[in-house]
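A note on names: the letters A, B, ... follow the listed sequences, proteins ahead of strands, and every chain is numbered from 1.
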2 protein chains.
Amino acid sequence: MTVTAYTKSVGEVAAESGVAASAVRFYEQHGVITAVRTQGDQRRFDDSAACRIRVAKVAQRVGLTIREIADIFAALPPDPQPADWGRVADTLVAEAEARAAALRTHLAAMCSGARLCDLA
Amino acid sequence: MTVTAYTKSVGEVAAESGVAASAVRFYEQHGVITAVRTQGDQRRFDDSAACRIRVAKVAQRVGLTIREIADIFAALPPDPQPADWGRVADTLVAEAEARAAALRTHLAAMCSGARLCDLA
DNA sequence: GCTTGACATCAACAATGGTTGAACGTCGAG
DNA sequence: CTCGACGTTCAACCATTGTTGATGTCAAGC
């Protein structure tokens with residue numbers, strides 16, 4: 001059993017995930033990613049950090065907040081396996097499609113029938 | 001040909017759309033709804049205002065910004081007809097589903113193949 | 001072992017999407 | 001005509017999602 005490796009600095013994660021270093025720190029503060037600290041108080045992330053950030057960025061596009069994303073990621077174990085990522089992906093896609101479906105339903109309800117969105 | 005009736009006050013639109021009066025003013029400032037002014041400088045909205053706001057609220061849930069929603073509403077004529085609302089609804093649903101599809105695609109790309117989201 | 005770049009914290013700023021409060025104007029029912 | 005409910009503007013404030021800059025520390029290469 002391999003122990004999870006916390007080896008990556010803020011800058012490395014930033015480069016891998018395509019966001020600014022300040023954003024990496026922000027995401028850590030808000031529970032999207034987690035870090036351990038070195039003796040000198042520097043953050044060290046594991047390999048999943050960059051992935052989490054890339055997933056978070058696409059999830060934000062469908063209206064999920066940082067908090068919601070962090071909550072979904074809470075189901076990920078340290079050193080997540082393919083199946084773990086698959087479940088998270090399914091959860092995110094399901095949420096996105098539920099919102100799209102809700103939009104469709106609301107619009108259909110508003111624009112149907114005699115009243116047409118409460119317009120005469 | 002009926003002339004569009006601008007008869008509703010901020011409070012009436014707020015009550016009909018289920019948002020605060022401050023939000024109604026905010027939406028007007030940002031082009032989601034439009035108003036004429038009375039002699040005494042009070043806003044008067046037509047019947048579509050409450051509908052626009054209700055649609056805007058559900059659209060926000062799928063990640064559209066106020067600006068994007070206002071842009072889509074820009075296609076609505078004054079005194080919109082059912083077909084006009086239908087086109088707006090189609091645009092919104094298409095946008096929502098495009099975002100959901102993008103999420104699905106990105107996640108599939110990240111989580112597929114040998115590398116699995118760049119994890120070993 | 002010293003320098004230099006990357007890291008640390010903290011506060012301030014920015015944009016989005018509003019809410020709240022102060023101070024004042026309008027409108028319609030009595 | 002007056003009174004209260006509702007309207008007006010403006011500035012300040014809140015949360016979210018970050019960025020920027022000041023100031024200071026750490027660590028890796030020379």
Side-chain angles (χ1 to χ4, degrees), chain A residues 6-46 49-50 52-73 92 95 99 103, chain B residues 5-46 49-50 52-74 92 95 99 103:
Chain A
Y6 285 94
T7 60
K8 297 190 176 173
S9 67
V10 163
E12 286 166 340
V13 172
E16 279 178 38
S17 59
V19 303
S22 61
V24 173
R25 295 190 189 95
F26 178 84
Y27 294 140
E28 192 220 9
Q29 282 172 3
H30 292 81
V32 173
I33 55 179
T34 54
V36 296
R37 297 296 182 122
T38 65
Q39 302 308 323
D41 207 33
Q42 296 193 356
R43 293 169 183 85
R44 290 295 180 264
F45 300 93
D46 66 27
R52 285 165 177 253
I53 291 173
R54 284 200 309 274
V55 171
K57 291 313 269 179
V58 302
Q60 279 184 290
R61 277 286 289 174
V62 296
L64 281 84
T65 64
I66 288 294
R67 187 172 304 273
E68 288 167 338
I69 293 162
D71 288 347
I72 289 170
F73 282 172
L92 292 170
E95 181 62 33
R99 290 182 185 202
L103 174 68
Chain B
Y6 286 95
T7 62
K8 296 190 177 174
S9 68
V10 162
E12 286 167 340
V13 172
E16 277 177 40
S17 60
V19 303
S22 61
V24 173
R25 295 190 189 94
F26 179 84
Y27 294 139
E28 193 221 10
Q29 282 172 4
H30 291 80
V32 173
I33 55 181
T34 54
V36 296
R37 296 298 182 118
T38 65
Q39 302 308 324
D41 208 32
Q42 297 194 356
R43 292 169 183 85
R44 289 296 178 263
F45 301 93
D46 66 29
R52 284 165 178 252
I53 291 174
R54 285 200 308 274
V55 171
K57 291 314 269 180
V58 303
Q60 278 184 292
R61 279 285 290 175
V62 297
L64 281 83
T65 65
I66 289 293
R67 187 172 303 272
E68 287 167 337
I69 293 163
D71 288 349
I72 290 170
F73 282 172
L92 291 170
E95 182 61 34
R99 290 183 184 201
L103 173 69

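More than 12 heavy-atom neighbours from other residues, nucleotides or ligands sit within 6.0 angstrom of CZ on A:Arg44.
Distances shorter than 4.0 Å separate some side-chain N or O of A:Tyr27 from OP1 or OP2 on D:dG18. Contact between the side-chain N/O atoms of B:Gln60 and the OP1/OP2 oxygens of C:dG18 is found at a separation under 4.0 Å. Taking only side-chain nitrogens and oxygens, B:Thr38 comes nearer than 4.0 Å to OP1 or OP2 of C:dC27. Remark: A:Lys8 is not in phosphate contact with C:dA6, judged by side-chain N or O atoms under 4.0 Å from OP1 or OP2. The phosphate of C:dA8 (OP1 or OP2) has a side-chain N or O of A:Arg25 nearer than 4.0 angstrom.
B:Arg43 comes within 4.0 angstrom of sugar-phosphate atoms only, judged by non-hydrogen atoms across all strands, and of no base. The residue A:Gln42 sits close only to the backbone: its heavy atoms come under 4.0 Å of sugar-phosphate atoms, none of a base.
Screening A:Ile53, A:Asp46, A:Val19 against A:Val13 for a side-chain contact (heavy atoms from CB on, under 4.5 Å) leaves a single residue, A:Ile53.
Protein atom CD1 of A:Ile53 is 10 Å distant from nucleotide atom P of D:dG18, rounded to whole Å. Remark: C1' of D:dC6 and CZ of B:Phe45 are 14 Å apart, rounded to the nearest angstrom. For A:Arg37 and C:dC7, the CZ to C1' distance is 10 Å, given to the nearest whole Å. If you measure from atom CD1 of B:Ile69 to atom C1' of C:dG17, you get 11 Å, rounded to the nearest angstrom. The separation between A:Arg61 atom CZ and D:dT16 atom P is 21 Å, rounded to whole Å. Look at CG on A:Asp71: it is 15 Å from C1' on D:dT16, rounded to the nearest Å. A:Phe26 places its CZ atom 15 Å from the P atom of D:dT20, with the value rounded to the nearest Å. Atoms CD (B:Gln39) and P (D:dG7) sit 18 Å apart, rounded to a whole Å.
Side chains of B:Phe45 and B:Glu12 form no contact here, defined as non-hydrogen atoms less than 4.5 Å apart.
Taking every heavy atom of both residues into account, A:Ile33 and A:Ala49 meet most closely at CG2-O, 3.6 Å. The two residues A:Gln60 and A:Tyr27 have their closest heavy-atom pair at OE1-OH, 4.0 Å.
Listed candidates were C:dT9, D:dG18, D:dG7. Nearest to the side chain of B:Ser9 is D:dG7. Here the side chain of B:Ala20 is nearest to one of D:dT8, D:dG18, C:dT19, namely C:dT19. Between C:dT9, C:dG18, D:dT8, one nucleotide has an atom nearer to the side chain of B:Val10 than all others, and that is D:dT8. Between D:dT17, C:dC27, D:dG18, one nucleotide has an atom nearer to the side chain of A:Thr65 than all others, and that is D:dT17. The side chain of A:Asp41 approaches C:dT9 more closely than any other nucleotide in the set C:dT19, D:dT19, C:dT9.
In terms of position along DNA chain C, the nucleotide closest to A:Gly40 lies nearer the 5' end than the nucleotide closest to the other residue of the pair A:Gly40 and B:Ala21. Summary of the strand contacts: B:Glu12 and A:Ser22 both lie near DNA chain D, and taking for each the nucleotide with the nearest heavy atom, the more 5' one is attributed to B:Glu12. Comparing B:Arg44 and B:Leu64 by the nucleotide of DNA chain C that holds the closest heavy atom to each, the one mapping nearer the 5' end is B:Leu64.
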Go through the steps to decide whether B:Arg99 and B:Val62 satisfy the test side chain to side chain contact (heavy atoms under 4.5 Å, CB included), and finish with yes or no.
CA-CA 8 Å; B:Arg99 290 183 184 201; B:Val62 297; over 6 Å; no
